[in-house]
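Here the structure is laid out as C-alpha cells; the discussion comes afterwards.
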There are 2 protein chains.
Amino acid sequence: MPVSARDVARVAGVSVSTVSRALTRPDDVAPETRTRVLDVARGLGYLPNPAARSLITGRTGNIGLVVPDLENPFFASITKGFHARARSFGYAAFIADSDEDPAAEPELVRNLAKQVDGLVLCSPRGPEEVIAGMARDCPLVLVNRTCGDVATVTVDDHDGVRQAMVYLQALGHRRIAFAGGPRASWSNARRLSAFRSVGAQHPDTELVELGFFSPHVSGGTAAADLLIASGATAALAYNDLVAFGLLEGLRRRGVVVPRDMSLVGIDDIPMSGLAHPGLTSVGTPLVNVGRAAVDTLVAMVRDPTAPALHQDDLPVQLVVRGSTAPRRTAPAHAGPG
Amino acid sequence: MPVSARDVARVAGVSVSTVSRALTRPDDVAPETRTRVLDVARGLGYLPNPAARSLITGRTGNIGLVVPDLENPFFASITKGFHARARSFGYAAFIADSDEDPAAEPELVRNLAKQVDGLVLCSPRGPEEVIAGMARDCPLVLVNRTCGDVATVTVDDHDGVRQAMVYLQALGHRRIAFAGGPRASWSNARRLSAFRSVGAQHPDTELVELGFFSPHVSGGTAAADLLIASGATAALAYNDLVAFGLLEGLRRRGVVVPRDMSLVGIDDIPMSGLAHPGLTSVGTPLVNVGRAAVDTLVAMVRDPTAPALHQDDLPVQLVVRGSTAPRRTAPAHAGPG
DNA sequence: TTGTATGCGTTATCAC
DNA sequence: GTGATAACGCATACAA
C-alpha cells in the first residue's frame, strides 16, 4: 500500500535519483522526464517518506510549540496563529502542554527536539538557566519573555499598561489598584514595573499593589476583597482571567461594575468581548504573536548563523467595553474610612 | 553535537547492536553490559533518532489531532485531553487546524499520515466519502460522529438533550425552542432528533425548531429574535456558544434571563461557568473525549487486526446554573398572542 | 541530463 | 549474550 520512490521510478522508467530530483529540484531534470515522473507520482499517490528524507537532509519539516495550558484562551489563540503560519510555510506542527509545570518543559523539549527544526516556547515562569539549557537542545523562540541571547517575541506590555492607566485617569480615577500575576512570571514583572513607572509620572494618582495571584479566574476572586478594602475606584488586572475573577468576586459582595468599580484586563482574549459587562482590556494580537514566533523561528532555521532575532514589543491597543466608567463622586460601596 | 548510537557503542566498548538492544529490549542483554551501556548513553545525553527508528520499525511514536478551530473552547479542551493522554502513552502530538473548512481536512491528513501512527479527526461536517477516504490513508478515530466502520468516540447526545428537556419541563416550561447548529453537522442532526423524540413523549409540551445556525456566538445572536417571536419560555441551544449568542441577543431586546427566558446550552465549555448568569448546560466530558479518542487509537495501533472500536455515548450530566428558572405565569416580554 | 553508488541512524536477522 | 550485516526510503556526490 505505501508507495515509495522506487515504485514511481519503475513505472516512470527512470532511476530513483531522477524521481528524487524531479521533486526536490525540478530544474535539474529534463522537462519531459520531469512531467512524466510527476504525473506518475501523482497517479500513484506518492508522497516522500519524511523520516527517510530527514535522515539525509537533517531537516524535519516540523516545528513545535510548548505552552503551559492549551485550554487557556490566551495560549489557544497563540496556538491557532502558530499552526496557521507553520502550515503556510509547509511545516507540520507539534504541540505540547506542560500543564503549568515549568519542570515538565525540559523533557517536552527534549522529546521533540529531534523531530523538529525548531520550537516555540511559552514559559512564563521557567528559570533562566533551564531555558538556556533548552535553547541548546534545539533552535528556540521564546514568547513573552526574554532570556539572554535566545530569540524572542514579546508584546509592548509597558505601553499597554500606560494606555490602560491614562484611560482610567481620564475617567477621573485617582486611586488605581493592580492585581498582579504570579511572582515568578516574567510578564507580571514587566507589567508591574510599567504600573509603577506610569504611576510615578502622575503624582496626583495613588497606586495600590494588591499582591501576586494565580493567573486564572481563581486568582481574581481571591483578590476581590483586597480590592474592595483598598479603597481604589479602578483596578488593572494581570490578565483577563484575573479580571473575570475580580468581576465575580465583586459581584458576590454587591459591588457593581462599572458603577462602583472600573476594571481593566490585559490580553483581550476572545471571551472578553462576550462577557457581561464586556471587559475593557489591553488588546494583544495573540494570533499574531503565534505567527510572529513562527516567522522568527523560520528565519533562524533558514540562516542559523544570523544572530537571534528579537521581535520585541508588538503593538497593543486598549479595547474599551462595559467594565469601565467615569469615577463616581460618592462611592456606593463600603470602603475603608 | 548530535550523539549517535555509534558514539555510545564506542565509549561503552560494545557494538551498535548491543546499544540498540540495551534500549529497546533490555532483557536480551547481560545485566552488567546493560547498565554500562545505559550509563554511557545517559552520560552522553544520547537520544535515539526517531526518523531512523521509524524508517525501520514502521512506527513513528507520534499521533495527531485534526480540529476545525483550536480557539474554540470545545476543541481546545479536547486537544488538552488528547495531548495529555498521548504523552502518558509516550506519543508526541501533532495538531492541525482546518479553520472550519472540511475541504482542508484531506490535505492535512495526508500531510500528517506518514509521520504518525494514527490520527484523531474532529470533522463535524465532512462528507462521508471524504472521511472514508482519509481513513484509508491512516488509522483514524472520529470524534462526535460516525462513518461506516471507522472507529469512533461519541457522547450521549440523546441523553443530554433528554436531561435538559426533562429539567425544563420540571421547571414548568411547556413551549421549548431549539436553536440548531449547522445543517450538515452530525451532532446537530443527533441533537435535533433527540429533541424531537423526547418531545414526542410529552404531548403536553410544544416544540419549536428555530432553524439552523452557525455553531458560534454569532449564530445565537442571529437566533435571538426568532426565539423571542416563537413564544417559547425556554430554549435549548445547539451548544454553549450559540447559547451565549442567544443570551446577548435577548439582552439587547430587554429580555431578562432567566426571568423571562430560560436558556440551556450543550457541552459545558469552561467559560460557561464564568459567565453571568452562569449557563445551565449539558456537561460533556470534553477532556475525556480527547483521552478516549487516544485510547481508541492506541488500541487500534497495537492490534490493527481487531475490528474498529466504538466508544459510543460517553455519559453526560446536566449542570444547572443561573440561566434557568421556573416558568413565570405571566411573561413580561412581548410574545405573539 | 541521467544513472550508480554511498550513507543517513537505527532495528532486525542471523551467525557466532 | 553479542557482533557483523542488511535493509528501511531517500538525497547527494560523482561518474557517465
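Numbered from 1 within each chain, the chains take letters A, B, ... in sequence-line order.
A donor-acceptor pair under 3.5 Å links the side-chain atoms of A/Asp117 to the main chain of A/Gly61, judged by distance alone. For A/Thr284 (side chain) and A/Leu286 (main-chain N/O), no donor-acceptor pair under 3.5 Å exists by modelled atom type.
A/Ser17 comes within 4.0 angstrom of a base, heavy atoms only.
Remark: B/Asp39 CG is packed, more than 12 non-hydrogen atoms of other residues, nucleotides or ligands lying under 6.0 Å away. The number of heavy-atom neighbours closer than 6.0 Å to CG of B/Asp101, taken from other residues, nucleotides and ligands shown, is above 12.
In the set C/dT11, D/dG3, C/dT10, the nucleotide with an atom closest to the side chain of B/Thr24 is C/dT11. Here C/dT10 is the nucleotide among C/dT10, D/dT2, D/dT12 with the atom lying nearest to any side-chain atom of B/Asn49. Of the listed nucleotides (D/dA11, D/dG3, D/dG9), D/dA11 has the atom at the smallest distance from the side chain of A/Ser20. When each of C/dC8, D/dG3, C/dT2 is scored by its nearest atom to the side-chain atoms of B/Thr18, the top-ranked nucleotide is D/dG3. Of the candidates C/dC8, D/dT5, D/dT2, D/dT2 carries the atom nearest the B/Ala30 side chain, counting heavy atoms from C-beta on. Nearest to the side-chain atoms of A/Ser15 among the listed nucleotides D/dA4, D/dG9, C/dT4 stands C/dT4. Comparing D/dT2, C/dT2, C/dT10 by their closest approach to the side chain of B/Pro48 singles out C/dT10. Candidate nucleotides D/dT12, D/dC10, C/dG3 were compared by shortest atom distance to the side chain of A/Val14, and C/dG3 ranks first. Closest to the side chain of A/Thr33, from the set D/dG1, C/dT10, C/dT2, is C/dT2. Distances from the side chain of B/Thr57 to the nucleotides C/dT2, C/dA12, D/dT2 place C/dA12 closest.
Between B/Val29 and A/Ser4, it is B/Val29 whose nearest contact on DNA chain D lies nearer the 5' terminus. DNA chain D is contacted by both B/Ile56 and B/Arg36; B/Arg36 maps to the nucleotide lying nearer its 5′ end (nearest heavy atom per residue).
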Derivation and outcome, salt bridge (Lys or Arg N to Asp or Glu O under 4.0 Å), residues B/Asp313 and B/Arg190: CA-CA 12 Å; B/Asp313 297 336; B/Arg190 218 154 171 247; 2.7 Å; yes
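Atom CZ in A/Arg53 sits about 11 Å away from atom C1' in D/dG9, given to the nearest Å. The CG-C1' distance, from A/Leu55 to C/dG9, rounds to 5 Å in whole Å. Rounding to whole angstrom units, CG of residue B/Leu23 and P of D/dT2 are separated by 14 Å. One can place CZ of A/Arg6 at 15 Å from P of C/dG3, the figure rounded to the nearest angstrom. When the P atom of C/dT2 is taken as reference, atom CZ of A/Arg21 falls 8 Å away, rounded to whole Å. At whole-Å resolution of the value, CZ in A/Arg10 and P in D/dG9 are 12 Å apart. A/Arg59 places its CZ atom 13 Å from the C1' atom of D/dC10, with the value rounded to the nearest Å. When the C1' atom of C/dT2 is taken as reference, atom CZ of A/Arg34 falls 14 Å away, rounded to whole Å.
Between C/dA12 and B/Arg25, a contact under 4.0 Å exists linking OP1 or OP2 to a side-chain N or O.
Salt-bridge formation is detected for the pair A/Asp69/B/Lys80: a Lys NZ or Arg NE/NH1/NH2 atom is positioned less than 4.0 Å from an Asp or Glu carboxylate oxygen.
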